[in-house]
Structures are given as C-alpha cells and as structure tokens.
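Index from 1, following the sequence. Just so you know, ligand 1 is whichever comes first in the structure, and atom 1 is the first atom listed for that ligand.
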Amino acid sequence: MSITNRVAIITGAGSGIGRAASLKLSKQGMIVALVDYNSEAGEETLRLVEEQEGKGIFIRADVSNSKDVQNYVSKVKEEFGRIDVFFNNAGVMGSFSPLAELSEEMFDQLLAVNLKGAFLGLKYVLKVMEEQQSGVIVNTASSAGVQSTPYLSGYSASKHGVVGLTKTAAAEYGQLGIRINAVCPGGVRTNMTKDLDMSDPIQNGPLRRTATPEEIANVVCFLVSDEASYMNGSIVTVDGGLTA
Ligand code: NAD
C-alpha cells in the first residue's frame, strides 16, 4: 500500500481500536497525529509509535468540544501542512438500560461525543481536505449503527447518526476527490467493553468470537489506502457476520 509519509489524524488514539489503527497506519509509514482526551493514554500510544520507529504527535482534545477540534485540526495543518487521512473514531458506550430508564444526561452525553464529535471532526477536517481537493476519511460507527441493539438505545441512535453523516458527506464530497466511509465493528475486546460478559459464542455471531482491535484496524488501513480507491459512502461491517 503506497501510503508512506501521508499525514493521518486518529481520534480516540489512546486505546482499543484507535491505538491499533495508529500503530498500523504508522507501520505503513504515515505520520500520525494522535488525538484523545486522556493525555496519559494518548502519550502512551505515541511512545508505542516511536518504539516502532514511527513519527507522530499527540494532541489532547475532547472531540465533543468545538474549540478543541478546531485546535487539533489547525495544529496538524501548521505542523505538517496537510491532512491526508482522518480516522474519526473516538466514542463512548454508556451503560445498558431500557430506553425509558436511560437518563437525559446520558443520552445527551452519548450524542455529544459519538455524533456531534463525529460531525465536528468532519466539519473542520473537510475544510482542509476541500482546499487540498483530496483526502480520505473513515468514521467508526458500529453494528449498533445498522441494527437494533436492545438496552443501548442512545448509543445505537448515535451510531445510526454516524452512518447518516457518512453517507451524506460521501455524497457531498466525492466529487472533490474526497472519499468517506464507515466501519461498523461488532464486539471488540477493548477498554470500552472490558466490563461486559462477551463470552457467549452465539451472541458474538457466526464466527463465535469477538474481534481484536487489530482486526478492525486492518480494515481501516485498507479503506484509507489507494487499494480502496472506488469505495465511497460504504458502510463496512467488520463483525464476523453478526449483522448478517
Ligand atoms: P476504547 O474505550 O478502548 O477507546 C476509546 C478512546 O476514545 C479512549 O482512549 C478514550 O479516552 C477516547 N475518547 C472517548 N471519548 C473521548 C472524547 N470526548 N474526546 C477524545 N477522546 C475520547 O474504545 P474502542 O472499543 O476502541 O472504541 C473506539 C470506537 O469503536 C468507538 O467509536 C466505539 O463506539 C466503536 N466501537 C467499539 C466496539 C467494541 O466492541 N469495542 C464495537 C463497535 C464500535
């Protein structure tokens, strides 16, 4: 994959899927700008990138905060002159509860991070990519963004929203040479799911197991590569057949 020296921003880079993707894109030769609101976690990912001879920076930002998003976008532009790749990935899941028991505060928080956060990242990164007339974006949705996920209504609504943003942005920006797709992981073993019992093989779908973060990162790496040059507006499930 000919992606050496491209500049990639990864949000939620401090853990799980974001960390795995940061390491994978860096291994391909990309310069990685790591974004997370957890500085310790983000700095640790940067250390791991540098340990494998990669180049990058860490920028602390809360993706739901517009000022923070504008700050990381302009910092990367100033430091590296361009943004080739954007992995719009940070997210939170909240706790399980029937819809009528879901607090308004929890609902607002899920939408603020997962949906408005994804929107803000798209909004400010697309401004830069529009000027370049090039770029490629992958948003992290979820299997919960394409089918019902009982007791995670707020999370599921936010991820259906990410799917809507992905398709609409792809339709608006494809003509400018910018590709925008989404990955929809099923169950992945990360910090987000560390307290969940994911041991029931049937619940994990046809492959009867959860995914590693690297298995999601591999698909992200493909989607941002030139090998995927005709993929735009695709909602790519990476869930072992769960939603099939
Ligand atoms: P994780 O908790 O391991 O990592 C998420 C990272 O995002 C953390 O480092 C966290 O600090 C950061 N983050 C959270 N909120 C933030 C904010 N407001 N601003 C900046 N950074 C923030 O989780 P993960 O499993 O790697 O999740 C990554 C993405 O994958 C999320 O969008 C999640 O919804 C999605 N996803 C996960 C699974 C799964 O089973 N783990 C399944 C489907 C989709």
J.: Give yes or no for whether the N/O distance cutoff of 3.5 Å, strictly under, is met between N38 and ligand 1.
T.: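 Checking ligand 1 against N38, no N or O pair falls under 3.5 Å apart.
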
J.: Can you confirm whether Q147 is buried at CD, in the sense that more than 12 heavy atoms of other residues, nucleotides or ligands lie under 6.0 Å from that atom?
T.: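 Check passes, neighbour count above 12.
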
J.: So which atom in N232 and which in I180 form the shortest heavy-atom distance, rounded to 0.1 Å?
T.: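 In terms of heavy atoms, the two residues are closest at OD1-N, 2.9 Å.
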
J.: So for ligand 1, is V188 a polar contact partner (N or O within less than 3.5 Å, distance only)?
T.: yes

J.: Under a 4.5 Å cut-off applied to non-hydrogen side-chain atoms, are L196 and F96 in contact?
T.: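 Sidechains of F96 and L196: in contact.
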
J.: Using distance alone, determine whether T140 and ligand 1 share an N or O pair under 3.5 Å.
T.: no

J.: Can you find an N or O of T193 that's nearer than 3.5 Å to an N or O of ligand 1?
T.: no

J.: Taking atom NZ of K167 and atom CD1 of I235, what is their separation to the nearest 0.5 Å?
T.: 5.5 Å

J.: Within the 4.5 Å heavy-atom criterion, are I17 and V188 side-chain neighbours or not?
T.: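 In short, these two side chains touch, coming nearer than 4.5 Å.
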
J.: Looking at side-chain heavy atoms only, is the closest gap between V162 and T140 below 4.5 Å?
T.: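 Answer no - side chains too far apart.
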
J.: Pull out every atom of ligand 1 sitting under 4.0 Å from any heavy atom of G16, numbered as shown with elements.
T.: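 Reading through ligand 1 atom by atom, the close ones are 3 (O), 26 (O).
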
J.: How far is atom 3 (O) of ligand 1 from its nearest protein heavy atom, and which residue and atom is that?
T.: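 Ranked first by proximity to atom 3 (O) of ligand 1 is S15 OG, 2.5 Å.
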
J.: Are the side chains of S134 and R82 in contact, using a 4.5 Å heavy-atom criterion?
T.: yes

J.: With the side chain counted from C-beta on, respond yes when V163 and H160 share a heavy-atom pair under 4.5 Å apart, and no when they do not.
T.: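 They are not in contact (no side-chain heavy atoms under 4.5 Å apart), so the answer is no.
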
J.: Give the numbers and elements of all ligand 1 atoms closer than 4.0 Å to a heavy atom of A141.
T.: 44 (C)

J.: Mark up the atoms of ligand 1 that fall under 4.0 Å of a heavy atom belonging to D62, in ascending order.
T.: 17 (C), 18 (N), 19 (N)

J.: Is the shortest N/O to N/O distance between S143 and ligand 1 below 3.5 Å?
T.: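 In fact, backbone or side chain, S143 has no N or O that close.
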
J.: Given that the side chain starts at C-beta and the backbone is N, CA, C, O, which of these parts of R19 lies under 4.0 Å from ligand 1, counting heavy atoms, or is it both or neither?
T.: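 Neither part.
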
J.: Give the residue and atom name of whichever protein heavy atom lies nearest to atom 26 (O) of ligand 1, and the separation in Å to one decimal.
T.: I17 N, 2.8 Å

J.: If we set the cut-off at 4.0 Å for heavy atoms, which region of A41 has an atom near ligand 1: side chain, backbone, both, or neither?
T.: neither

J.: Using distance alone, decide if ligand 1 has a nitrogen or oxygen within less than 3.5 Å of any nitrogen or oxygen in S142.
T.: no

J.: If you measure from each non-hydrogen atom of N89 to ligand 1, which part falls under 4.0 Å: side chain, backbone, both or neither?
T.: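 The answer is both, backbone and side chain.
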
J.: Identify the protein heavy atom lying closest to atom 9 (O) of ligand 1, giving its residue, its atom name and the separation to 0.1 Å.
T.: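 Looking at atom 9 (O) of ligand 1, the protein heavy atom closest to it is D36 OD2, 2.5 Å.
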
J.: What's the shortest distance from atom 5 (C) of ligand 1 to any protein heavy atom, and which residue and atom give it?
T.: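 Nearest protein contact, heavy atoms only, for atom 5 (C) of ligand 1 is G91 O, 4.1 Å.
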
J.: Please could you name the atoms of ligand 1 that V92 approaches to less than 4.0 Å, counting only its heavy atoms?
T.: 14 (C), 15 (N)

J.: Report yes if some heavy atom in the side chain of N181 is under 4.5 Å from a heavy atom in the side chain of I137; otherwise report no.
T.: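 Side chain of N181 against side chain of I137, heavy atoms only: no contact under 4.5 Å found.
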
J.: Is the shortest heavy-atom distance from the side chain of V128 to the side chain of Q132 under 4.5 Å?
T.: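 SC-SC contact between V128 and Q132 confirmed.
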
J.: If hydrogens are left out, which of G187, S64, G186 has an atom nearest to atom 38 (C) of ligand 1, that is, the closest non-hydrogen atom?
T.: G186

J.: Is a salt bridge present between R209 and E215, judged by a nitrogen-to-oxygen distance below 4.0 Å?
T.: yes

J.: If you count the atoms of ligand 1 from 1 in the order shown, which ones are under 4.0 Å from a heavy atom of V113?
T.: 15 (N), 18 (N)

J.: Taking 4.0 angstrom as the limit, do E44 and R47 come out as a salt bridge?
T.: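 Yes, this pair counts.
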
J.: With heavy atoms of A61 as the reference, note each atom of ligand 1 found under 4.0 Å away.
T.: 19 (N), 20 (C)

J.: Does E104 CD have over 12 foreign heavy atoms under 6.0 Å away?
T.: no

J.: Name the closest protein heavy atom to atom 34 (O) of ligand 1, giving the residue it belongs to and the distance to 0.1 Å.
T.: Y155 OH, 2.6 Å

J.: Which residue owns the protein heavy atom closest to atom 2 (O) of ligand 1, what's the atom, and how far is it?
T.: M192 N, 3.4 Å

J.: Using distance alone, decide if ligand 1 has a nitrogen or oxygen within less than 3.5 Å of any nitrogen or oxygen in V63.
T.: yes

J.: Side-chain contact, heavy-atom cut-off 4.5 Å: K55 with F80?
T.: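 Yes; the side chains approach each other to less than 4.5 Å.
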
J.: What atoms of ligand 1 come within less than 4.0 Å of a heavy atom belonging to G14?
T.: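 Listed by number with element: 9 (O).
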
J.: Can you tell me how far OG of S66 sits from OH of Y124, rounded to the nearest 0.5 angstrom?
T.: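 The OG atom of S66 is 3.5 Å from OH of Y124, to the nearest 0.5 Å.
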
J.: Check this for me: does any side-chain nitrogen of one of D226 and R6 sit under 4.0 Å from a carboxylate oxygen of the other?
T.: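 Salt bridge: yes.
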
J.: Checking a contact table here: which protein heavy atom is nearest atom 17 (C) of ligand 1, and how many Å away?
T.: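 Looking at atom 17 (C) of ligand 1, the protein heavy atom closest to it is Y37 CD1, 3.4 Å.
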
J.: Where on C184 is there a heavy atom closer than 4.0 Å to ligand 1, on the side chain, on the backbone, on both, or on neither?
T.: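 Neither; no heavy atom under 4.0 Å.
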
J.: For atom 7 (O) of ligand 1, what's the nearest protein heavy-atom neighbour? Residue, atom name and distance, please.
T.: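 Here the closest protein heavy atom is G12 CA, 3.3 Å.
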
